[in-house]
Structures are given as C-alpha cells and as structure tokens.
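Written out below as structure tokens is the structure these notes cover.
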Amino acid sequence: YDIMNDLMSCGLHRLWKRYTVNEAAVRPGNVVLDLAGGTGDLALAFAKRVGAEGHVVLADINAAMLEQGRKRLVDAGVAGNSSIAQVDAQNLPFADGSFDVVTMAFGLRNVTDKDAALRSIYGTLNTGGKAMILEFSEAHQSIKPAYDLYSFKVLPALGKLVARDADSYQYLAESIRVHPDQETLKTMMTDAGFERCRYHNLAGGIVALHIGYRI
C-alpha cells in the first residue's frame, strides 16, 4: 500500500501530507483525530507534535490497515500518546467536542454518505476546532488530458504489476472522477455547519486540501 502510494504519486503524497500537517498547526496538548488514517503516517506526525500532554486517535474502517498503523506508532515510540479506533466516518462514536483537529486524507472519496460524514466530523470538534479534508479533486483543464491518460492507463498497469490488483486502481481513477469538485465540497462543508471554509489546490488541482472550522 505505501509502496503504491509512492509510485503512483511519484512521492508527492508525502509532500501533500506534510503540507496538511503544517496547515493543521497543532500545538502541544492538542487532541487530534486522523480519520481514514491507514498505515498511520499522518497520525505519527501529529503524535510527535502534540507531545505527551496531547493525544492522537488513528481511526480507520479497515482493521488490517489499523494494525499496520499501530505497529508504526509503536515502533516510533509514540504509542503512549496515541490510540487506534475502528470506526465508520458516517457515524463517529466520539462525544461532541472531543477533538481540536480532525483530518481525513484520501478517505472521504470512499464514503457512501459524504454529507453524513461531514456532519459527524463537525460534531466531534470542539469550539474553534478545525477539520481538514485532503482529497483528489478536479485537475486544471491544462493538465486534464495527460492526467486522464495517466489515471486510466498507467495506474491500473502499476496496480497489476506491483500489487497484482489492477481493479482497485481502476476503481481509484473512476472514484476520483465522481468525487465532488473543489467548490462543491466547500459548499457541502458549509451545509454541514462548518464556517470559514476554504481550500488550497495542490499539483494543479489534482489534490485539494479543504479546511473548515466549528465556531
């Protein structure tokens, strides 16, 4: 999974996630929820920043992913201020106002009811809390033809060669195309209750980071 992320993004996913961590601006003592956290790369970065007084919850619907994430956190020596939770983003089991920051990197695209997930995320934030949704989005028209060729031809071939799973990467390309574009997702966040919503395009809009606050 991590190898495929590096290959299919040419390593750019690391820069996109680093940008997200920097924009989150978490401080020592903050409590962070990393939804769809997979193998724990974002959670690890946050755990180092919130310190012993803070806490990070690595959450995913996939138990196998969580196990890999748990190992990463333990190996990095940050298990003391982190925990894992198998959850459904559409119905989060956390109390109202539990978190200072909620992140979701490349996970909202796979959620069936995105509006429900956004409302659930909003409810877990405390007053002044911030949600950050990093997701594939609508590429700029100038690069769209090349991006489409890469998505529908190169990605499935890479998946077949490296992961022996072309279908999952064909699905990836298709799911990106039906995911809400930048302005639509911004409106969905506003409708879910978030305020001061904005987004930052990365790599020509191939990826966008949406940010919204619970005021």
Side-chain angles (χ1 to χ4, degrees), residues 1 5 8-9 13 16-17 19-21 23-24 32-39 41-43 57-63 65-66 69 85-126 129-140 144 147-148 151 155 167-203 205-215:
Y1 176 80
N5 280 344
M8 69 183 184
S9 73
H13 78 101
W16 299 331
K17 290 173 180 176
Y19 179 81
T20 301
V21 171
E23 286 292 308
V32 179
L33 171 63
D34 181 29
L35 275 175
T39 56
D41 46 0
L42 274 180
V57 178
L58 169 61
D60 204 292
I61 200 169
N62 187 307
M65 285 285 197
L66 280 177
Q86 187 173 6
V87 302
D88 180 350
Q90 298 167 128
N91 186 25
L92 295 173
F94 306 108
D96 185 80
S98 294
F99 300 100
D100 301 297
V101 175
V102 177
T103 57
M104 192 175 196
F106 306 111
L108 185 63
R109 187 184 71 260
N110 297 318
V111 174
T112 302
D113 191 339
K114 296 173 178 57
D115 292 309
L118 291 171
R119 291 192 299 268
S120 192
I121 291 170
Y122 180 86
T124 68
L125 286 168
N126 63 25
K130 174 164 52 177
M132 312 187 73
I133 309 295
L134 181 68
E135 188 56 87
F136 292 108
S137 199
E138 185 170 319
H140 191 274
K144 195 171 186 301
Y147 180 51
D148 285 345
S151 298
L155 279 186
D167 290 344
S168 291
Y169 293 92
Q170 180 71 28
Y171 162 76
L172 170 63
E174 293 170 353
S175 69
I176 290 170
R177 297 315 185 275
V178 298
H179 183 69
D181 64 18
Q182 289 90 327
E183 285 294 333
T184 302
L185 182 52
K186 180 182 174 184
T187 298
M188 290 170 65
M189 292 182 70
T190 299
D191 291 344
F194 292 100
E195 298 186 40
R196 293 165 52 196
C197 296
R198 67 183 191 274
Y199 61 86
H200 303 277
N201 280 327
L202 306 173
I206 290 174
V207 169
L209 174 63
H210 281 72
I211 301 173
Y213 296 82
R214 181 172 181 174
I215 305 298

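Atoms considered below: every heavy atom in the structure, side chains included; atoms not considered: hydrogens, waters and symmetry mates.
Using a distance-only test at 3.5 Å, with no hydrogens or angles considered, a donor-acceptor pair links the side chain of Thr187 to the main chain of Glu183.
For the pair Leu92 and Thr124, the tightest heavy-atom approach, listed with the atom from each and the gap, is CD1-CG2, 3.7 Å. Closest approach of Lys186 to Cys197, counting heavy atoms only: CE-O, 3.3 Å. Listed here is the closest heavy atom pair of Phe194 and Ala131: CE2-CB, 3.5 Å. Between Asn62 and Asp60, the shortest heavy-atom distance links the atoms N-OD1, 2.9 Å. What you find for Ala89 and Leu35 is that their closest heavy atoms are CB-CD1, 4.3 Å. Nearest heavy atom pair, residue Ala85 against residue Phe94, reads CB-CZ, 4.2 Å.
Every residue was checked against the side chain to side chain donor-acceptor pair (under 3.5 Å) condition with Asp167, not counting sequence neighbours, and none meets it. Evaluation of the salt bridge (charged side-chain N to carboxylate O under 4.0 Å, His left out) rule for Arg119 yields no partner, not counting sequence neighbours. For Thr190, there are no side chain to side chain donor-acceptor pair (under 3.5 Å) partners at least two apart in sequence or on another chain. Residues passing the side chain to side chain donor-acceptor pair (under 3.5 Å) test with Thr184, sequence neighbours excluded: Asp181. For Arg177, the salt bridge (charged side-chain N to carboxylate O under 4.0 Å, His left out) test picks out Asp148, with sequence neighbours left out. Residues passing the side chain to side chain contact (heavy atoms under 4.5 Å, CB included) test with Gln182, sequence neighbours excluded: Ser137, Glu138, Tyr199, Asn201, Ala208, His210. Partners of Tyr147 by ring-ring contact (aromatic ring centres under 6.0 Å, His included), not counting sequence neighbours: none found. Thr20 is linked by a side chain to side chain donor-acceptor pair (under 3.5 Å) to nothing, counting only residues two or more places apart in sequence or in another chain. Partners of Glu23 under the salt bridge (charged side-chain N to carboxylate O under 4.0 Å, His left out) rule, at least two apart in sequence or in another chain, are Arg198.
Side-chain contact between Val207 and His13: absent, with no pair of heavy atoms (C-beta onward) separated by less than 4.5 Å. Here the side chains of Ile61 and Asn110 are not in contact, with every heavy-atom distance at 4.5 Å or above. Considering only heavy atoms from C-beta on, Leu42 stays 4.5 Å or farther from Leu134 through its side chain.
Taking CE of Met188 as the start and CG of Leu108 as the end, the distance is 6.5 Å to the nearest 0.5 Å. Distance check, rounded to the nearest 0.5 Å: CE of Met132 to CD1 of Ile121 gives 12.5 Å.
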Taking only distance into account, with no hydrogens and no angle test, what donor-acceptor pairs under 3.5 Å do side-chain atoms of residues 97-107 form with protein atoms, sequence neighbours excluded?
from   : atom 1 : to     : atom 2 : distance (Å)
Ser98  : OG     : Ala95  : N      : 3.3
Ser98  : OG     : Ala95  : O      : 2.5
Asp100 : OD1    : Asn126 : ND2    : 2.7
Asp100 : OD2    : Val31  : N      : 2.7
Thr103 : OG1    : Asp34  : OD1    : 2.9

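Legend: salt bridge (charged side-chain N to carboxylate O under 4.0 Å, His left out) pairs involving residues 205-215, not counting sequence neighbours, sorted by first then second residue: Asp96-Arg214. Sorted by first and then second residue, the salt bridge (charged side-chain N to carboxylate O under 4.0 Å, His left out) pairs with a member in residues 108-118 read Arg109-Glu135; sequence neighbours excluded.
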Full working for side-chain contact (heavy atoms from CB on, under 4.5 Å) between Leu118 and Asp191: CA-CA 9 Å; Leu118 291 171; Asp191 291 344; over 6 Å; no
Audit row: Val57, Val87, side-chain contact (heavy atoms from CB on, under 4.5 Å) steps and yes/no: CA-CA 11 Å; Val57 178; Val87 302; over 6 Å; no
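No more than 12 heavy atoms of other residues, nucleotides or ligands sit less than 6.0 Å from atom NE2 of His140.
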